[in-house]
Amino acid sequence: MNSRDATAKNDVPNPDYSYSSTTTTTTKNHETQSTSETDKFPLLFSKRLVIVTLLFVGNITAFLIKYNVNVAVIDMTFQKRVKLGNVTIIQQPEFRWNSKKMGTVTSLTAYGALLACTSGFVISKLGASLSCALCMMMCGITTLLYTITLHYNFYSFVACRLITGIFVGLHIPIHLEIFSRWVPQCERVSLMAFIYNGLSVGVMVVHPFCGLIAFKWGWPMIFYTTGSISIIMAFLLLTLLKNSPSEDKSISKKELVYILNGLEIKNSTKKVVNPYRKIATSLPVWALCIANFVHMSGICFLADCLPWYIKDITGKNIKDVGFITAIPNTVSMVMVLFTGFLLQYWKNNSNIPPTQMSKIIMASGFIIEMFLFLAITLVSDFITIMLILIAMRFITPLNSLNIQLIVINIAPGHTGMIAGIAEFCSQLAAILTQTIIGFLTANRSMEEWNRCFILIAGICAFSTVIFTLFGSNEAQEWALAPSSNHKDDRYSPGSYIKTITE
């Protein structure tokens, strides 16, 4: 390397994110030209693996924080049989809440998470890594305060739970923003399956984990344990997570080139300007939001309300309810990984355009889910009901993973903003689903639960039509347009990589 090349190398800026091209064709050409580069750096022992593992564990922690109340509320509000020697006594609940109040309590985090739509603003001010750590820290602190506030004043508990919801809601958009900066296109499907599986693992473990804690040590220990885990996670994020690979001093140059060469967006110090009007008037964005809203309504039953349903149809104690509800969610955890490999194989070996593929997946998932919700209204046998619930969790990962990938692909460089809007829709769905189910199941009867299932089946059919007509899984033109008035394009991906490799 001569002195001129060395000087050029030292002058390479610290990259941030802007847009790579004004057309989708240029983006695809860039991806094709860099294929040979992207095959050269393995995932094992890479910094990418550290980042995606952090995001995976972070998703588990977020779900422990979000759904711990759903299990604790059963121990707090239901009668318990307690053995004292050879005598079994009925212990009265510590809190006497009806189903409506229980529905309100369990939906509080969703109310707070409506502010997820501000994720793009938060990321632009604090950076993705600091925002992520702050979310975990605040979730941990507020969760530790639940027991005190419940015994002191109910409304102070409501305030803490709402604050928790705000930061849990910001968590997923920020994670997706980090993911889009660290993972090249050729690895996104498989690694998204791995990270999203953290949510499935969280849903799977939260019910038995919290149920076992409540059974042995009482419901307050649920909040002390999950709050402490969240604070520990915050310190790990502060130590290991960086906004982008270019800010990480421990990453190798070869891996840095590999990542940058596989992204749709170029590296520049320019400030990204979100096209709010274009986003608000984009039909594919609206179709995504409706699909996410409907999908979350079904997930909300399977994650939030399933313990109530199992309790109502079986009369089991909290420990047994926790383990029973974990069975369908265990299936989901396995299915997410299988779905990731399936979609990656389909993408690599099929000529079907991405948008058409996404429409096929979304429509198939919603139609099957609709028939399963209708089927559960026709049976009363517990074994059959469990088989249907397992089948639901077998199919839901198709749409879950598909929606997350659309969020990243539809607007390169604006992932945090789009993810925040999608998360807003998710939380609105959670609020309405939990509240409506709480009101419709006042007597906790099977007939009332069946009316809820018919309602969910109906909106699944509606979403199928909307996404089939207006959905997309390709970068929109307004997302690929330049986001600032700067004209300096000296540091495009190709020139940056060429400088390093020289």
Side-chain angles (χ1 to χ4, degrees), residues 50-73 75-76 105-106 108-113 115-116 118-119 122-123 125-152 156-179 195 198-199 201-214 216-243 303 423 427:
V50 174
I51 298 302
V52 297
T53 302
L54 279 175
L55 299 182
F56 171 79
V57 178
N59 279 341
I60 296 176
T61 306
F63 262 56
L64 287 175
I65 291 294
K66 184 175 182 179
Y67 294 116
N68 52 17
V69 167
N70 297 65
V71 180
V73 74
D75 196 49
M76 294 159 57
V105 167
T106 54
L108 283 172
T109 51
Y111 283 102
L115 290 178
T118 65
S119 58
V122 173
I123 292 170
K125 295 298 181 182
L126 300 179
S129 61
L130 181 58
S131 299
C132 194
L134 177 64
C135 287
M136 284 289 101
M137 181 63 69
M138 292 303 300
C139 286
I141 292 172
T142 53
T143 300
L144 291 176
L145 294 174
Y146 286 172
T147 303
I148 297 173
T149 54
L150 276 167
H151 286 111
Y152 173 71
S156 60
F157 164 73
V158 169
C160 282
R161 190 67 177 160
L162 285 172
I163 294 171
T164 303
I166 292 173
F167 290 100
V168 169
L170 289 170
H171 166 82
I172 291 180
I174 292 171
H175 264 207
L176 289 177
E177 175 74 18
I178 294 169
F179 181 86
I195 291 174
L199 302 179
V201 173
V203 173
M204 181 194 73
V205 303
V206 64
H207 294 144
F209 178 69
C210 294
L212 186 60
I213 290 175
K216 288 185 171 292
W217 299 290
W219 61 264
M221 189 57 67
I222 293 177
F223 302 135
Y224 295 139
T225 303
T226 55
S228 300
I229 291 173
S230 185
I231 291 175
I232 293 171
M233 188 66 204
F235 283 110
L236 288 175
L237 292 170
L238 281 172
T239 304
L240 300 174
L241 185 63
K242 302 298 180 185
N243 291 323
E423 184 65 13
Q427 300 309 320

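Index from 1, following the sequence.
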The reported gap from CE in Met138 to SG in Cys160 (rounded to nearest 0.5 angstrom) is 9.0 Å
Looking only at heavy atoms, the pair that brings Phe63 and Val206 closest together is O-CG2, 4.0 Å
Notebook entry, point to check: Just by modelled atom types, is the Cys210 backbone N or O under 3.5 Å from a matching donor or acceptor in the Asn68 side chain?
Noted result: no
N/O donor to acceptor pairs below 3.5 angstrom from side-chain atoms of residues 229-239, sequence neighbours left out:
unit_1, atom_1, unit_2, atom_2, d
Ser230, OG, Met136, O, 2.6
Ser230, OG, Gly140, N, 3.4
Thr239, OG1, Phe235, O, 2.8

- request: Test side-chain contact (heavy atoms from CB on, under 4.5 Å) on Leu162 and Val158 and set out the steps.
  value: CA-CA 6 Å; Leu162 285 172; Val158 169; 4.0 Å; yes
Open item on the list: Any heavy-atom pair between the side chains of Leu64 and Val205 that's under 4.5 Å?
Closed with: yes
I want to check something: taking the side chain as every heavy atom from C-beta on, are Phe223 and Leu144 in contact at a cut-off of under 4.5 Å?
no
Sorted by chain and residue number, the ring-ring contact (aromatic ring centres under 6.0 Å, His included) partners of Tyr111 (sequence neighbours excluded) come out as none
Applying ring-ring contact (aromatic ring centres under 6.0 Å, His included) to Phe56 and not counting sequence neighbours gives Phe194
Heavy-atom closest pair (Leu130 atom, Leu126 atom, distance to 0.1 Å) is CB-O, 3.5 Å
All heavy atoms of Thr226 vs all of Ile222, minimum pair found to be OG1-O, 2.8 Å
- Any donor-acceptor pair under 3.5 Å from His171 side chain to Phe167 backbone: no
Correct closest heavy-atom pair for Leu241 and Cys132 would be CD2-CB, 4.1 Å
- request: Using the side-chain contact (heavy atoms from CB on, under 4.5 Å) rule, take Trp217 and Thr225 through it: C-alpha gap first, then chi angles, then the decisive distance, then the call.
  value: CA-CA 11 Å; Trp217 299 290; Thr225 303; over 6 Å; no
Heavy-atom nearest pair, Leu150 first then Met76, reads CD1-CE, 3.7 Å
Nearest heavy-atom approach of Asn243 to Ala128 is OD1-N, 2.9 Å
Rounded to the nearest 0.5 Å, the CD1 atom of Ile51 sits from the OG atom of Ser129 at a distance of 9.0 Å
### Query
Would a distance-only check, ignoring hydrogens and angles, find a side-chain to backbone donor-acceptor pair under 3.5 Å from Thr142 to Cys139?
yes
CG (Leu55) and CD1 (Ile174) are apart, to the nearest 0.5 Å, by 11.5 Å
Output for pair (Leu170 CG, Glu177 CD), nearest 0.5 Å, gives 12.5 Å
*asked:* Using the rule given for side-chain contact (heavy atoms from CB on, under 4.5 Å), can you reason through Val71 versus Trp219, listing the C-alpha separation, both sets of side-chain angles and the distance that settles it, and then say yes or no?
replied: CA-CA 8 Å; Val71 180; Trp219 61 264; over 6 Å; no
